[in-house]
There are 2 protein chains.
Amino acid sequence: MSEQPDAAAAVDRVAGLLRARGDRMTGPRRAVITALAARRTHLTADQVVSAVAEQDASVHRASVYRTLETLSALGVVQHVHVGHGTTTYHLAGDHPHLHAQCSACGAVLDLPGSLLDSVSARLLAEHGFELDPSHVALSGLCADCRGRR
Amino acid sequence: MSEQPDAAAAVDRVAGLLRARGDRMTGPRRAVITALAARRTHLTADQVVSAVAEQDASVHRASVYRTLETLSALGVVQHVHVGHGTTTYHLAGDHPHLHAQCSACGAVLDLPGSLLDSVSARLLAEHGFELDPSHVALSGLCADCRGRR
DNA sequence: GTGTTTGCAAATGTTTTGCAGTGTC
DNA sequence: GACACTGCAAAACATTTGCAAACAC
């Protein structure tokens, strides 16, 4: 397991950010950061709750929600909306990439962050709209499900 | 008000589709189709409930949900996911277009359906993924909110 | 010690479901 | 007259909030 050092570093880094704002590093916050740092996949709120429970069963559901919100405001955590209203969370600072979800099987495909660059430029020039390509997952049919019809 | 003829035509068309499957055209279904045909904007489930209630207050919430699902399965109704889990519904067959939502103010921008054509082609060629550009709204900052920082 | 954060429990809001009665074909 | 569909009420989810106790600083 080589996730401990990463997680510890992330906790320290966030602790500094929190204190700079007059906020505090606490057990639940440590647990959420560690849980997110330990997995590569993005996690739903419920999956974060479970992952946190493995470390410390006394952390309450509501605290996980509040922590995710706090860390989002700090810019430490980002979320992606995939498909039917599921929100998934991950630590910011990972290599930027975007997602496409299969509307049939739910599989999520990771895509290069640059995929929408030309679209971004066009949206900005023509509509003044600044695209955030990683905030919502694209939708469509994956190769498997497409073959299956 | 020039929406009546469109709505009536839509109801008739859908009635045929329903009967072809052994299903039935009913009051609630008529009301949902009429409500969707009458507005140009996409409606949330709750807005459909309200719009339907204006026509026929006896139609129950749950029937609206069930109807939207039935009509989606028929291909008559499509839905778009915008931002934080809101789902909006509209009649299929309208000129195809896609959406971008401002993550700050929630405003929704309509965009040409062709905007993602080159991205679609690339996804298909490189990943076998068939993009459905209209199913999920893009996300970012609109011109107003961008100017506001 | 002060003020933030937490656990708890209850409230909220949305969508789903079981069932008996109603209405369409 | 069958069987699909509806209204109703309750359940199922996911997330939020008020509050007093607990903890970080």
Side-chain angles (χ1 to χ4, degrees), chain A residues 11-12 14-35 42-53 55-74 76-77 79-89 106, chain B residues 11-12 14-35 42-53 55-74 76-77 79-89 106:
Chain A
V11 168
D12 285 351
V14 176
L17 292 171
L18 284 168
R19 295 202 187 96
R21 293 207 337 182
D23 291 346
R24 294 159 188 186
M25 176 53 71
T26 64
R29 288 176 180 174
R30 230 185 306 270
V32 167
I33 296 164
T34 304
H42 305 227
L43 302 174
T44 64
D46 199 58
Q47 289 172 325
V48 176
V49 169
S50 301
V52 163
Q55 296 180 243
D56 180 350
S58 72
V59 175
H60 197 271
R61 256 189 119 62
S63 298
V64 171
Y65 279 95
R66 283 186 284 225
T67 296
L68 288 171
E69 194 187 320
T70 302
L71 297 182
S72 293
L74 258 188
V76 168
V77 160
H79 61 267
V80 182
H81 298 286
V82 297
H84 295 155
T86 320
T87 305
T88 63
Y89 298 86
Chain B
V11 168
D12 284 351
V14 176
L17 292 172
L18 283 168
R19 294 200 190 96
R21 293 207 335 179
D23 292 346
R24 294 159 190 185
M25 175 53 71
T26 64
R29 288 176 181 175
R30 230 183 307 269
V32 168
I33 295 164
T34 303
H42 305 227
L43 302 175
T44 63
D46 198 59
Q47 289 171 324
V48 176
V49 170
S50 301
V52 163
Q55 295 180 244
D56 180 349
S58 72
V59 174
H60 197 272
R61 259 189 117 60
S63 297
V64 171
Y65 279 95
R66 283 186 282 225
T67 296
L68 287 172
E69 194 189 318
T70 302
L71 297 182
S72 293
L74 258 188
V76 168
V77 162
H79 61 267
V80 182
H81 298 287
V82 298
H84 295 155
T86 321
T87 305
T88 63
Y89 298 85

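Below, chain A is the first sequence line, B the second, and so on; all start at residue 1. All values derive from a computational prediction rather than experimental measurement.
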Donor-acceptor pair, distance only, cut-off 3.5 Å: does the side chain of R61(A) make one with the backbone of V49(A)?
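Side chain of R61(A) to backbone of V49(A), a donor-acceptor pair under 3.5 Å: no, none is there.
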Nearest-nucleotide comparison on DNA chain C, the residue closer to the 5′ end among R19(B) and T87(B)
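Looking at DNA chain C, the more 5' nearest nucleotide goes with T87(B).
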On DNA chain C, does the nearest nucleotide to R30(B) precede the nearest nucleotide to V64(A) from the 5' side, or the other way round? Give the residue.
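So the residue in question is V64(A).
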Find out whether R30(A) and D56(A) are in side-chain contact, i.e. whether some heavy atom of one side chain is under 4.5 Å from a heavy atom of the other.
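R30(A) vs D56(A): side chains apart.
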Protein-nucleotides 16-22 of chain D N/O pairs under 3.5 Å:
residue : atom : partner : partner atom : Å
dG18(D) : O6   : R66(A)  : NH1          : 3.4

Could you tell me how far apart [X] ([atom1]) and [N] ([atom2]) are, to the nearest whole angstrom?
X      : N       : atom1 : atom2 : result
L74(B) : dA4(D)  : CG    : P     : 15 Å
L18(B) : dG23(C) : CG    : C1'   : 15 Å
R21(B) : dC25(C) : CZ    : C1'   : 16 Å
L68(A) : dT5(C)  : CG    : P     : 15 Å
L17(B) : dA4(D)  : CG    : C1'   : 17 Å
L71(A) : dT4(C)  : CG    : P     : 17 Å
D23(B) : dC25(C) : CG    : P     : 11 Å

Would the number of heavy atoms belonging to other residues, nucleotides or ligands and lying under 6.0 Å from CD of Q55(B) be above 12?
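Yes, enclosed.
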For V77(B) against Y89(B), the heavy-atom pair lying closest together:
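Looks like CG1-CD2, 3.9 Å.
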Using every non-hydrogen atom in the two residues, find where A45(B) and V64(B) come nearest and quote the distance to one decimal.
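Looks like O-CG1, 4.4 Å.
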How many angstroms lie between OG1 in T70(A) and CZ in R21(A), if you round to the nearest 0.5 Å?
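So the OG1 of T70(A) and the CZ of R21(A) are separated by 7.5 Å.
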OG1 on T87(B) to CG on L68(B), rounded to 0.5 Å:
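Reported to 0.5 Å precision, the distance equals 10.0 Å.
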So, does T26(B) get its side chain near the phosphate of dT6(D), meaning an N or O under 4.0 Å from OP1 or OP2?
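Looking at the OP1 and OP2 atoms of dT6(D), one of them is under 4.0 Å from a side-chain N or O of T26(B).
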Of all the choices, dT6(C), dT15(D), dC25(D), which nucleotide is nearest to the side chain of R24(A) once you look at every atom?
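Nearest to the side-chain atoms of R24(A), counting from C-beta on, is dC25(D).
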Using a 4.0 Å heavy-atom cut-off across all strands, classify S58(A) as base, sugar-phosphate, or nothing.
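The answer is sugar-phosphate, as S58(A) gets under 4.0 Å only of primed atoms, P, OP1 or OP2.
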When all nucleic acid strands are considered with a 4.0 Å heavy-atom cut-off, which category describes D46(A): base, sugar-phosphate, or nothing?
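Here D46(A) touches no strand at all.
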